Amino acid sequence: MQQEIIDWFETEGRDLPWRQPDFTPWGSLVSEFMLQQTPVARVIPKLDEFLTRWPTPAALAASPSGDAVRAWANLGYPRRALWLHACAVTIVDKFNGEVPSNVDDLLSLPGVGPYTARAIAVFAFGGHEPVVDTNIRRVIARHNQGNADQGPPSTKRDLEVMAALLPSPELSPAFNAGMMELGALICTARNPQCEICPIARTCAWKNASYPEHVGPKKTVQKKYEGSDRQARGAVMKILREAHRTVTTSELDDCWPDKAQLGRAISGLLNDGLIELVADDSYQLPA
DNA sequence: AAACCGTGGCA
DNA sequence: TTGCCAAGGTT
């Protein structure tokens with residue numbers, strides 16, 4: 001399986017920005033943050049803008065965190081922008097301005113979890129680690145376990161399974177990236193393209209005639225329309241686009257349910273995504 | 001462990 | 001229209 005994945009990736013893998021030979025580890029870190037739950041197509045233009053403005057950790061660390069949040073625009077989950085800014089500060093203060101290359105140092109950074117730490121170690125530094133994302137978990141569930149879907153994640157078990165599949169160290173980046181790419185392009189959640197899959201011959205799910213999913217299922221996302229998350233999003237949109245302080249009464253217009261709006265504002269204050277500047281006005285963090 | 005955290009595209 | 005999904009992380 002390993003060599004088939006690697007060969008397929010060499011010929012069919014996309015020329016994504018973070019796969020260019022001159023892409024920096026900082027670029028990789030920024031791209032991985034943006035790619036956490038945001039589709040590739042929406043990340044690409046924002047990544048370019050972000051790296052043009054802040055080409056190094058030191059550059060971002062020298063700007064207010066609110067500028068990072070504003071530049072994040074509508075990518076979603078704006079706490080990622082705050083964490084990325086905090087990463088830049090830590091990298092300058094504790095790692096001499098250079099993105100660290102080993103998993104433990106990477107895991108010490110805010111917003112860097114099991115996936116992102118290993119993705120940086122492997123893709124930016126050529127490390128030999130198991131990278132586990134939703135694509136890889138789906139490929140393994142189908143091809144190796146004969147199941148239709150990956151089910152809920154279990155970090156420890158997932159990492160062990162992927163570690164057992166790794167080829168020799170020098171092939172590790174291509175294999176990890178190839179597995180992700182296969183899940184993104186061929187072994188997709190809906191309508192997988194088994195006819196052109198490089199590992200269809202050995203796929204346990206296909207060879208069992210595509211049985212229904214067995215075992216626990218992924219937990220379903222709560223409805224977004226009318227949710228607290230949407231209310232937070234409405235507040236953040238006002239603050240991002242204002243480029244100045246905004247009063248409580250101005251925020252009143254952005255959401256009909258005042259109790260929910262109150263929860264959104266206090267939650268955002270608690271997260272550090274907005275700041276109180278007077279007793280009734282707010283701004284993005286300085 | 002399960003809920004929470006944005007936003008937009010697609011079937 | 002509604003639900004599912006998207007290179008996750010934190011609590």
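Side chains are part of it too, since the values below use all heavy atoms of this structure and drop only hydrogens, waters and symmetry mates. Computed from a predicted structure; not experimentally measured. In the text below, chain A, chain B and the rest are named by the order of the sequence lines, each starting its count at 1.
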Thinking salt bridges, do [X] and [Y] make one under a 4.0 Å N-O criterion?
X: A:Glu32; Y: A:Arg80; value: no
X: A:Arg138; Y: A:Asp149; value: no
X: A:Arg19; Y: A:Glu181; value: yes
X: A:Arg53; Y: A:Glu49; value: no

Under a plain distance cut-off of 3.5 Å, with no hydrogens placed, do [Y] and [X] share a side-chain donor-acceptor pair?
X: A:Gln36; Y: A:Thr116; value: yes
X: A:Ser172; Y: A:Glu129; value: no
X: A:Glu250; Y: A:Thr247; value: yes
X: A:Arg142; Y: A:Tyr210; value: no
X: A:Asp133; Y: A:Asn135; value: yes

Task: For DNA chain B, the residues among residues 19-42 of chain A that have a non-hydrogen atom under 4.0 Å from it - done: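 By residue number: A:Gln37, A:Thr38, A:Arg42.
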Task: Within residues 72-83 of chain A, residues whose heavy atoms come under 4.0 Å of DNA chain B - done: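 Per residue number, the list reads A:Asn74, A:Leu75, A:Gly76, A:Tyr77, A:Pro78, A:Arg79.
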- [ ] Considering only atom P, compute the distance from C:dA7 to B:dC4 and round it to an integer number of Å.
- [x] 23 Å
- [ ] Rounded to whole angstrom, note down the P distance from B:dA3 over to C:dC4.
- [x]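 Rounded to whole Å, the distance is 15 Å.
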Heavy atoms only, 4.0 Å cut-off, all strands: where does [X] land among base, sugar-phosphate and nothing?
X: A:Arg118; value: nothing
X: A:Thr134; value: sugar-phosphate
X: A:Pro152; value: nothing
X: A:Leu16; value: base
X: A:Val112; value: sugar-phosphate
X: A:Ala119; value: nothing

Task: Identified side-chain contact (heavy atoms from CB on, under 4.5 Å) counterpart of A:Trp18 within the set A:Leu29, A:Val30, A:Ile44 - done: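 For A:Trp18, the side-chain contact (heavy atoms from CB on, under 4.5 Å) check succeeds only for A:Ile44.
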Spacing of [X] atom [atom1] relative to [N] atom [atom2], expressed in whole Å:
X: A:Glu225; N: B:dC5; atom1: CD; atom2: P; value: 15 Å
X: A:Asn270; N: C:dT10; atom1: CG; atom2: P; value: 16 Å
X: A:Lys222; N: B:dA2; atom1: NZ; atom2: C1'; value: 12 Å
X: A:Arg138; N: C:dC5; atom1: CZ; atom2: P; value: 9 Å
X: A:Leu159; N: C:dG9; atom1: CG; atom2: P; value: 11 Å
X: A:Asp158; N: C:dA7; atom1: CG; atom2: C1'; value: 15 Å
X: A:Ile44; N: B:dT7; atom1: CD1; atom2: P; value: 21 Å
X: A:Asp228; N: B:dT7; atom1: CG; atom2: C1'; value: 16 Å

Task: Position toward the 5' end of DNA chain C (nearest nucleotide), A:Leu107 or A:Arg14 - done: A:Arg14
Open item on the list: When you measure from the side-chain N and O atoms of A:Thr116 to the phosphate of C:dG9, is any distance below 4.0 Å, counting only OP1 and OP2?
Closed with: yes
Open item on the list: For A:Thr38 versus A:Arg42, what's the shortest heavy-atom pair and its separation?
Closed with: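 The pair with the smallest heavy-atom distance is CG2-CB, 4.1 Å.
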- [ ] Search all heavy atoms of A:Asn147 against all heavy atoms of A:Glu212 and return the closest pair with its distance.
- [x] OD1-O, 4.1 Å
Using a cutoff of under 3.5 Å, can you pull out all pairs of nitrogen or oxygen atoms linking the protein to nucleotides 1-4 of chain C, with atom names and distances?
none

Task: Greater than 12 external heavy atoms within 6.0 Å of A:Asp253's CG - done: yes
Open item on the list: Nearest heavy atom decides the nucleotide; on that basis, is A:Arg229 or A:Thr219 closer to the 5' end of DNA chain B?
Closed with: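 Here A:Thr219 is the residue nearer the 5' end.
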- [ ] Identify, between A:Asn191 and A:Asp271, the residue whose nearest nucleotide on DNA chain B lies closer to the 5' end.
- [x]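 By nearest-heavy-atom nucleotide position, the 5'-most residue is A:Asp271.
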- [ ] Ignoring the backbone of A:Met180, work out which of C:dA7, C:dG9, B:dG6 is nearest its side chain.
- [x]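 The answer is C:dA7.
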